[in-house]
2 protein chains.
Amino acid sequence: MLRFSKKADYALIAMKHLALRGDQAASAREIAEQYGIPVELMAKVLQRLARRDLLVSHQGTRGGYKLSRSPRLMSVADVIQAIDGPVTVTACSTQDDQCEQYATCNVRDPLWRIKERILTALGTCTIAELASDAPEPVHPPGTQSATWHPSA
Amino acid sequence: MLRFSKKADYALIAMKHLALRGDQAASAREIAEQYGIPVELMAKVLQRLARRDLLVSHQGTRGGYKLSRSPRLMSVADVIQAIDGPVTVTACSTQDDQCEQYATCNVRDPLWRIKERILTALGTCTIAELASDAPEPVHPPGTQSATWHPSA
DNA sequence: TCGAATTCCGACCGGTATTGTCTTATTTTA
DNA sequence: TAAAATAAGACAATACCGGTCGGAATTCGA
Ligand code: SF4
Ligand code: SF4
């Protein structure tokens, strides 16, 4: 049905929150309570983002999470993939998950191309854009914004 | 994880098959066996497509399914939505499935915008394009191909 | 130095959606 | 009339996902 996972949703919420907060760290509990998200789950999501180097964490009292770099340099594609793994529109998009019809399938390539399109759509939307709820600033032709990796 | 459902996959395979076959009808069994898809399941998928007027069916011996219109006038978005219902990237995309964080969520609008982008990506890829495995013909700017409904 | 706050990690469970199977009825043609 | 096909719905198996729990390590402040 082509949905984001709830965790990805939470991740984006947190990322936006942290982007708006600037350099001040925020704890998992704080974010969770602010948006009505189960604390443990939010923590796990943040951990995942930290391990993928989208966030930096600081343990101990008064610890918390901060963005690892400017929100202009992170796309929602980065966040999604950090949480849910690589975007795979079809089962055959990844090597390890082989589908029964692989041999006879006639839509593999076109569908793979569609996946690419979706990925660029996700890749050209930065966290900064998310934070300042701006509908993408004119989008100069030929310019790829932020960290979108065509080889990913 | 942003995946198509298996049924949607099957539907696209069938649509392409029927597009290539032109005006000659094909039975569910025939398609199913050719691609190694469970017959009953394929049948159900085709029925769904028929009810959504993407296919026309003919009962009885030597019956089967044909495309209801030119493959140039059908997009993969049409097929996906016929099978899996409206594309909802987030739980809040539809009225009936209200999410817990709706009140406090800070990424509703940006995410809705992303959904739109994905939808156009899906809408601008026709079944004809799928059939002739062509990587979209230059894509003249400002032109929307086929049946893409911005209000859907 | 001690204790509280916090990140970190993995394992587990229950509900829900998806996939696939089965059965039966109906329609059409040979 | 018999065979082939659509049509429709019930049902089981299973995969996935959201959420929970428990425990360990780390840092800071009193
Ligand atoms: S091989 Fe074909 S049927 Fe299997 S996952 Fe890929 S696109 Fe879908
Ligand atoms: S309201 Fe926010 S958290 Fe809930 S589904 Fe929509 S985007 Fe996701």
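Order of the sequence lines fixes the chain letters, A, B, ..., with proteins taken first and strands second; residue numbering starts at 1 for each chain.
- Side-chain nitrogen and oxygen atoms of Y10(B) include none within less than 4.0 Å of the OP1 or OP2 phosphate oxygen of dT19(C).
- Along DNA chain D, the nucleotide nearest P38(A) and the nucleotide nearest Q47(B) are compared for position; the residue whose nucleotide lies closer to the 5' end is Q47(B).
- Within the 4.0 angstrom heavy-atom criterion, no nucleotide atom of any strand lies near F4(A).
- Taking atom CZ of R48(A) as the reference point, atom C1' of dG10(C) lies 12 Å away to the nearest angstrom.
- In this structure, R51(B) reaches the sugar-phosphate backbone alone: every heavy-atom distance under 4.0 Å involves primed, P, OP1 or OP2 atoms, never a base.
- For the pair M42(B) CE and dT18(C) C1', the interatomic distance rounds to 16 Å; values are reported in whole Å.
- One finds the CG atom of L49(A) at 10.0 Å from the CD atom of Q47(A) (value rounded to the nearest 0.5 Å).
- When rounded to the nearest whole Å, the span between CG of L46(A) and C1' of dC8(C) equals 12 Å.
- When rounded to the nearest whole Å, the span between CD of Q59(A) and P of dG29(D) equals 15 Å.
- Side-chain atoms of T88(A) and R3(B) form a donor-acceptor pair, as typed in the model, at a separation below 3.5 Å.
- The residue among G60(A) and K7(A) whose nearest nucleotide of DNA chain D is located toward the 5' end is K7(A).
- Proximity of a side-chain donor or acceptor of R69(B) to a complementary backbone N or O of M74(B) within less than 3.5 Å is not detected.
- Of all nucleotides listed (dC22(C), dA5(D), dT6(C)), dT6(C) comes nearest to the side chain of S27(A).
- Here the P atom of nucleotide dG22(D) and the CD atom of E40(A) are 10 Å apart, to the nearest Å.
- With dA7(D), dT19(C), dT20(D) as the choices, the nucleotide that has an atom nearest any side-chain atom of K44(A) turns out to be dT20(D).
- Between the CG atom of L41(A) and the P atom of dC9(C) there is a distance of 16 Å, given to the nearest Å.
- Comparing dA7(D), dG20(C), dA30(C) against the side chain of R62(B) picks out dA30(C) as the nearest.
- A 4.5 Å side-chain heavy-atom check between I127(A) and R72(A) finds every atom pair outside the cut-off.
- The side chain of S57(B) places an N or O atom within less than 4.0 Å of a non-bridging phosphate oxygen (OP1 or OP2) of dA7(D).
- Atom CD1 of I37(B) is separated from atom P of dT21(C) by 12 Å (rounded to the nearest Å).
- Looking at T61(B), its side chain has no donor and acceptor atom pair within 3.5 Å of the base of dA5(D).
- Taking the side chain as every heavy atom from C-beta outward, R117(A) and T124(B) approach each other to under 4.5 Å.
- Of the candidates dT7(C), dC28(D), dA11(C), the closest approach to any side-chain atom of H58(A) belongs to dC28(D).
- Heavy atoms of A28(B) sit under 4.0 angstrom from primed sugar atoms or phosphate atoms, though from no base atom.
- Put simply, CD on Q101(A) is 12 Å from C1' on dG20(C), counting in whole angstrom units.
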